[in-house]
Amino acid sequence: MLLVRADEGEAVRGGSRRSAVDVLRGLATLLEAGVPLPRALDEAESGSTGPNRAALAQIRAGIERGDSFAGALAAIPGWATGFEIALIQAGERSGDLAGAIGRVADQAERERELKSTLATAAIYPAVLAVVGGLSVLVMLLFVVPRFADLFGGAGATLPASTALLLSLSAFPGDHAFALVLGLVGVTIGVAAIGGSVGGRELASRVVLAAPGLSRIRRTQLGARYARLAGTLLAGGAPIGAALRHVAESFGDPTARREAERVAEAVREGSTLTSALAGSSVFAGTIARMAALGEETGRLATLLERAADSQESALRRDLDRLTKLFEPAMTVFFGLVIGLIAVALLQAVYGVNAGAFG
């Protein structure tokens, strides 16, 4: 069985995420049908292969030794997040293990769908940027040099724009080694910074401050916070433990720090509403729905409703951004290619004028 790490749903070793969700869903179905847990694990194990089968056998062995399901699952290093363990523990305490496992599977499917939505939204702009960039490079590296030979043979004085264009075209060939070395250095540097604590902190702050991206990222983080908190509370987890496990589930350092602050404030006696109201990441819809939930005694339900609302808003924002990106990229690369064409035409006109002058 494959579960996930605390780093926002990142898959860990063994099998595929989809197969793990299928195993969990099947196990929950067997338990809901009244099949005892050991027998349900046997059935799930017999229908699994590879790492999933081995993990189910280890969980079954742990239960036979007297461990709880959550305890047996936690004994497999790196296979479950604190959120998932807490949700299953709450289900065991309330006598609803099947429902808890089903909620874990539901959350896994939601996160997979959301990640797929984000990936799909990023692919199209990336393809446009690559195709447009390659088009400009082809013109600079192959088309413009042919004009350079023509202009050089004509002996005419070139306009400043054309001279600059020819210099840009010749630069990659004249400094190929330096460019390759610089590209390798930048790649290594970015990888090193991205893998460091300071680098992740910087990236988090940049994204949360960037126009356009800030709203999307805050909506994504808010939806995750509300979904995890609502799911844990609906499963029977105490609010203090639930908020602590939610904080541990964030890989984004800014979001994790804010979630830890909210959890600490609630532990010290503050209401969730007042703790969220001072948040730079989770305020807004989440805080308003939390306030209604605390007033009506339906905090878990309204947090899950807030998550639904935030996820819908995230999809709308991604769709809107993708639709705006296409014409923006078209205009940008059209302007670049147009400027190249104008610079070349200016020189051609100058050469012709000189020939007939």
Side-chain angles (χ1 to χ4, degrees), residues 4 7-11 16-18 21 106-140 183 186-187 190-191 193-194 199-228 230 249-256 258 279-286 288-289 303-340:
V4 293
D7 192 8
E8 297 194 18
E10 181 183 354
S16 70
R17 184 61 173 160
R18 187 182 298 273
V21 173
D106 288 340
Q107 180 60 26
E109 289 177 347
R110 288 191 197 97
E111 292 192 352
R112 178 172 55 80
E113 290 172 0
L114 188 57
K115 288 175 69 176
S116 177
T117 300
L118 291 170
T120 301
I123 287 173
Y124 184 57
V127 169
L128 282 178
V130 169
V131 171
L134 288 176
S135 300
V136 173
L137 282 176
V138 167
M139 292 194 70
L140 287 175
L183 181 60
V186 168
T187 302
V190 169
I193 293 173
R200 290 193 295 271
E201 181 73 33
L202 177 62
S204 173
R205 290 181 179 180
V206 168
V207 172
L208 287 173
L213 290 179
S214 175
R215 173 174 171 171
I216 290 175
R217 183 58 171 163
R218 290 174 191 276
T219 303
Q220 180 193 6
L221 293 173
R224 180 178 175 81
Y225 186 90
R227 178 69 66 193
L228 297 185
S249 75
F250 280 100
D252 184 291
T254 304
R256 186 184 184 109
E258 277 296 298
S279 173
S280 61
V281 179
F282 307 121
T285 301
I286 308 301
R288 291 193 295 273
M289 296 298 277
L303 283 176
E304 291 183 329
R305 297 279 179 85
D308 291 337
S309 174
Q310 293 290 88
E311 288 170 3
S312 296
L314 177 62
R315 291 184 176 90
R316 288 195 301 271
D317 287 343
L318 288 172
D319 183 62
R320 188 180 301 114
L321 184 64
T322 302
K323 290 178 178 178
L324 288 174
F325 195 85
E326 179 180 1
M329 292 294 290
T330 301
V331 170
F332 173 76
F333 285 113
L335 285 174
V336 171
I337 294 173
L339 290 173
I340 292 173

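Hydrogens, waters and symmetry mates are skipped; everything else that's a heavy atom, side chains included, is used. Numbers for residues simply follow the sequence, beginning at 1.
Between the OG1 atom in Thr120 and the NZ atom in Lys115 there is a gap of 12.5 Å [rounded to 0.5 Å]. Note that CG of Leu213 is 11.0 Å distant from CD of Gln220, once rounded to the nearest 0.5 Å. Put simply, CG on Leu314 and OG1 on Thr117 are 7.5 Å apart, with the number rounded to the nearest 0.5 Å. From Gln107, atom CD reaches atom CG of Leu228 across 5.0 Å, with rounding to the nearest 0.5 Å.
Taking 4.5 Å as the limit, some side-chain heavy atom of Leu221 sits within range of a side-chain heavy atom of Leu208.
In plain terms, the two heavy atoms of Gln310 and Ile286 that are nearest each other are CG-CD1, 3.8 Å. Taking every heavy atom of both residues into account, Leu128 and Phe325 meet most closely at CD1-CD2, 4.4 Å. Shown here for Arg224 and Ser249, the closest heavy-atom pair between the two residues is NH2-O, 3.3 Å. Listed here is the closest heavy atom pair of Ala255 and Asp252: N-OD1, 3.0 Å. The two atoms that bring Ala226 and Leu303 nearest to each other are CB-O, 3.4 Å, heavy atoms only.
Residues forming a side chain to side chain contact (heavy atoms under 4.5 Å, CB included) with Asp317 (at least two apart in sequence, or on another chain): Arg215, Ile216, Thr219, Arg320. In this view, Tyr225 and Phe282 satisfy the ring pair (Phe, Tyr, Trp, His ring centres under 6.0 Å) rule, not counting sequence neighbours. With sequence neighbours left out, Val127 forms a side chain to side chain contact (heavy atoms under 4.5 Å, CB included) with Ile123, Val131. Residues satisfying the side chain to side chain donor-acceptor pair (under 3.5 Å) criterion with Ser312, sequence neighbours excluded, are absent altogether. Not counting sequence neighbours, the partners of Val336 by the side chain to side chain contact (heavy atoms under 4.5 Å, CB included) test are Val136, Phe332, Ile340. Not counting sequence neighbours, the partners of Glu311 by the side chain to side chain donor-acceptor pair (under 3.5 Å) test are Arg227.
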Fill in: Chi angles and distances behind the side chain to side chain contact (heavy atoms under 4.5 Å, CB included) call for Leu318, Arg315
CA-CA 5 Å; Leu318 288 172; Arg315 291 184 176 90; 5.6 Å; no
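Other residues, nucleotides and ligands contribute at most 12 non-hydrogen atoms within 6.0 Å of the CZ atom of Arg305.
A side-chain donor-acceptor contact under 3.5 Å links Arg218 to the backbone of Ser280. Between the side chain of Arg256 and the main chain of Phe250, a donor-acceptor pair closer than 3.5 Å is present.
Classification of Lys323 and Asp319 as a salt-bridged pair holds, one side-chain N sitting under 4.0 Å from a carboxylate O.
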